[in-house]
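Just so we're clear, the structure is a prediction, and the values are computed from it rather than from any experiment. One-based numbering along the sequence shown. Because only heavy atoms are used, hydrogens play no part in the values below, and waters and symmetry mates are left out as well, while side chains stay in.
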Amino acid sequence: MNFSMEKISQSQGSLENNSVLRRKELVCLEFDIGGHCVFRKLTRSELLIEARESLQEEFAKLQLIYSELFLEKSYDEFPINSLNDRDKRGLLQFFRGSLQGRDIRQVDPAFSGKPALWVRHNAILVSLEQLRALILFNKLFLFDPDNPKVQRAVKIISERLEKTNEKDLDLSGMPYEFRALEGILVNVCMSLEKDFSSLEPTILENLDDLPTRLTSRQLEELRSFKQRLSQFSARSTEVQRVLQEILEGDENMSNMYLTEKNKYPRHKRSPVEHDEIENLSESYLQIVDHLTNRAELLDNAIDDTEDLVTIRLDTIRNKILFVELTINIVALSFSAGGLVAGIFGMNMGIPIFKEENSSHIYFVFCVFLILFSIILLYSWLFKWCKEKGLYST
């Protein structure tokens, strides 16, 4: 009983520790408009408050629209019953598109988030290649700073977010959120390209040597390379899927103009006016498509080499069967000659053995007859096996 109570208390303690871990502060790097980053610790509530500051005017506009309804009923309960269906759908769609507490799980390192790029009214959430970020119109929160991939990404993101000169025509007209997103996509593409560049030469070298030097060690290396290539293909396919989903949603692309929303809150961008973010996404999608296609071609080359190895193994197996069949035919032929020798070696009286000075003639004759019978039997069996398809050269 005491043991069970101890187990229960231990389990309760572990659950409390897990809950504390879930409620703990999120460690992140905050990038400002100038590209300078500082180390920060934020709770989920603080992160949501900072994200919703950019929508204060939007909430004020909603309050202005529904002020009469607020006066009709108490403030304790929102007058959702007094709205018509159109206003209800618009209001629910607005709040559904805003950043929620459950969305933070996607960028929280304590959770295993899937690759995604979510667009909200006031933020963009990115989870690609171990880079988890929350992009606002004037801030970028990059989580899990102890991750080596995150540490390598800091320099590139800072360079993208720095104030551009007049010579930097490509970045001078881009809003902050697009430069932040591009910095993340650059790191994702560089990570994929670096991993593929380390795989491709070694795999091609192994594929070139394998047909000429077929060893168990090289076959094991090929299996290991194929497994690593499959993992890379899965990663690149996920990034490809995320970018394609963004390009297929016109409304999401138009909602990604966070700076414009903050400057002109009453202006609503048309869902088809998103050339800038569309061109940005397409450019990096082409890079990911190229890497994915190269990985697919390399995987096909591995499959072709495996088929070639299988054919070579079948050929070697056939040669072994060829030698085994030859040995069996020779053994059968000599066993036929041994039958004759066994007959003559029996304890029986044979007249030719009683003649003087004539046994060697019979011995030579018998040996010649036995050898001739062996050669004749071997030739007949060899011809019969070739006719039946059991013997091929």
Side-chain angles (χ1 to χ4, degrees), residues 22 26-31 42 44 47-48 50-52 54-55 93-137 139-145 147 149-150 152-153 156-157 160 176-193 195 231-258 261 271 274 277-278 280-289 291-292:
R22 298 301 185 190
L26 296 176
V27 181
C28 64
L29 295 174
E30 179 184 343
F31 293 82
L42 297 170
R44 290 192 181 186
L47 195 60
L48 288 174
E50 292 209 18
R52 289 169 180 171
S54 59
L55 283 183
Q93 184 179 3
F94 176 81
F95 283 106
R96 191 181 297 116
S98 301
L99 187 65
Q100 304 294 332
R102 59 178 176 271
D103 298 332
I104 306 299
R105 290 198 298 266
Q106 187 65 30
V107 295
D108 189 351
F111 295 90
S112 57
K114 63 179 181 180
L117 199 159
W118 292 348
V119 180
R120 298 295 183 256
H121 291 312
N122 53 339
I124 301 174
L125 293 97
V126 184
S127 177
L128 294 174
E129 285 294 301
Q130 301 182 21
L131 296 180
R132 303 191 180 194
L134 178 65
I135 303 175
L136 306 179
F137 76 96
K139 292 180 182 179
L140 167 64
F141 296 99
L142 191 63
F143 299 93
D144 197 11
N147 193 321
K149 286 191 174 183
V150 176
R152 289 193 295 266
I156 298 177
I157 294 177
R160 291 282 169 173
Y176 176 84
E177 60 272 13
F178 291 171
R179 284 183 282 139
L181 180 60
E182 185 177 15
I184 295 174
L185 293 178
V186 167
N187 281 278
V188 170
C189 293
M190 288 179 61
S191 176
L192 291 175
E193 192 168 0
D195 293 343
Q231 294 175 354
F232 173 83
S233 299
R235 290 165 50 201
S236 61
T237 303
E238 287 295 328
V239 177
Q240 184 184 40
R241 176 188 60 81
V242 169
L243 293 177
Q244 286 177 348
E245 288 178 354
I246 288 296
L247 289 172
E248 290 173 358
D250 292 331
E251 187 175 356
N252 283 335
M253 284 190 287
S254 62
N255 286 331
M256 294 176 73
Y257 289 81
L258 304 180
K261 286 183 179 180
H274 44 66
I277 185 61
E278 185 175 2
L280 177 66
S281 302
E282 282 181 350
S283 61
Y284 290 99
L285 178 60
Q286 290 177 359
I287 298 175
V288 177
D289 284 343
L291 293 174
T292 305

Less than 4.5 Å apart, any side-chain heavy atom of [X] and any of [Y]?
X	Y	value
Val107	Leu26	no
Gln106	Arg132	no
Asn122	Leu258	no
Leu181	Ile277	yes
Lys139	Glu30	yes
Val150	Phe143	no
Leu185	Leu128	yes
Asp144	Gln130	no

Backbone N/O of Val188 and side chain of Ser191: donor-acceptor pair under 3.5 Å:
no
I'd like to know if the side chain of Asp103 reaches the main chain of Gln100, judged simply by a donor and an acceptor atom lying under 3.5 Å from each other, with no hydrogens or angles considered.
yes
What do the steps show when you test Asp250 against Met253 for side-chain contact (heavy atoms from CB on, under 4.5 Å), and what is the final call?
CA-CA 5 Å; Asp250 292 331; Met253 284 190 287; 3.7 Å; yes
List the atom of [X], the atom of [Y], and the distance in Å for their closest heavy-atom pair.
X	Y	answer
Ile184	Ala133	CD1-CB, 3.5 Å
Ser236	Val288	O-CG1, 3.5 Å
Leu247	Ser281	CD2-CB, 3.6 Å

Would you compute the distance between atom [atom1] of [X] and atom [atom2] of [Y] and round it to the nearest 0.5 angstrom?
X	Y	atom1	atom2	result
Glu129	Cys189	CD	SG	9.5 Å
Met256	Leu280	CE	CG	8.0 Å
Thr292	Glu238	OG1	CD	10.5 Å
Ser233	Leu291	OG	CG	10.5 Å
Ile287	Gln240	CD1	CD	13.0 Å
Asn255	Lys261	CG	NZ	4.0 Å

Given Cys28, which partner from the list Leu140, Leu142, Leu42 fulfils the side-chain contact (heavy atoms from CB on, under 4.5 Å) test?
Leu42
Please determine whether side-chain contact (heavy atoms from CB on, under 4.5 Å) holds for the pair Val186 and Tyr284, giving the CA-CA distance in whole Å, both sets of side-chain angles, and the decisive distance to 0.1 Å.
CA-CA 8 Å; Val186 167; Tyr284 290 99; 3.0 Å; yes
For Gln231, all residues meeting side chain to side chain contact (heavy atoms under 4.5 Å, CB included), sequence neighbours excluded:
Gln227
Before you tell me yes or no, could you show the steps for Lys149 and Asn187 under side-chain contact (heavy atoms from CB on, under 4.5 Å), namely the whole-Å CA-CA distance, both residues' side-chain angles and the distance that decides it to 0.1 Å?
CA-CA 9 Å; Lys149 286 191 174 183; Asn187 281 278; over 6 Å; no
Evaluate Leu131 against Val126 for side-chain contact (heavy atoms from CB on, under 4.5 Å), listing each step before the verdict.
CA-CA 7 Å; Leu131 296 180; Val126 184; 6.0 Å; no
Chi angles and distances behind the salt bridge (charged side-chain N to carboxylate O under 4.0 Å, His left out) call for Arg44, Asp108
CA-CA 9 Å; Arg44 290 192 181 186; Asp108 189 351; 3.3 Å; yes
Salt bridge or not between Arg179 and Glu182? Use side-chain N to carboxylate O under 4.0 Å.
no
With a 6.0 Å cut-off on the ring centroids, do Phe137 and Tyr257 count as close?
no
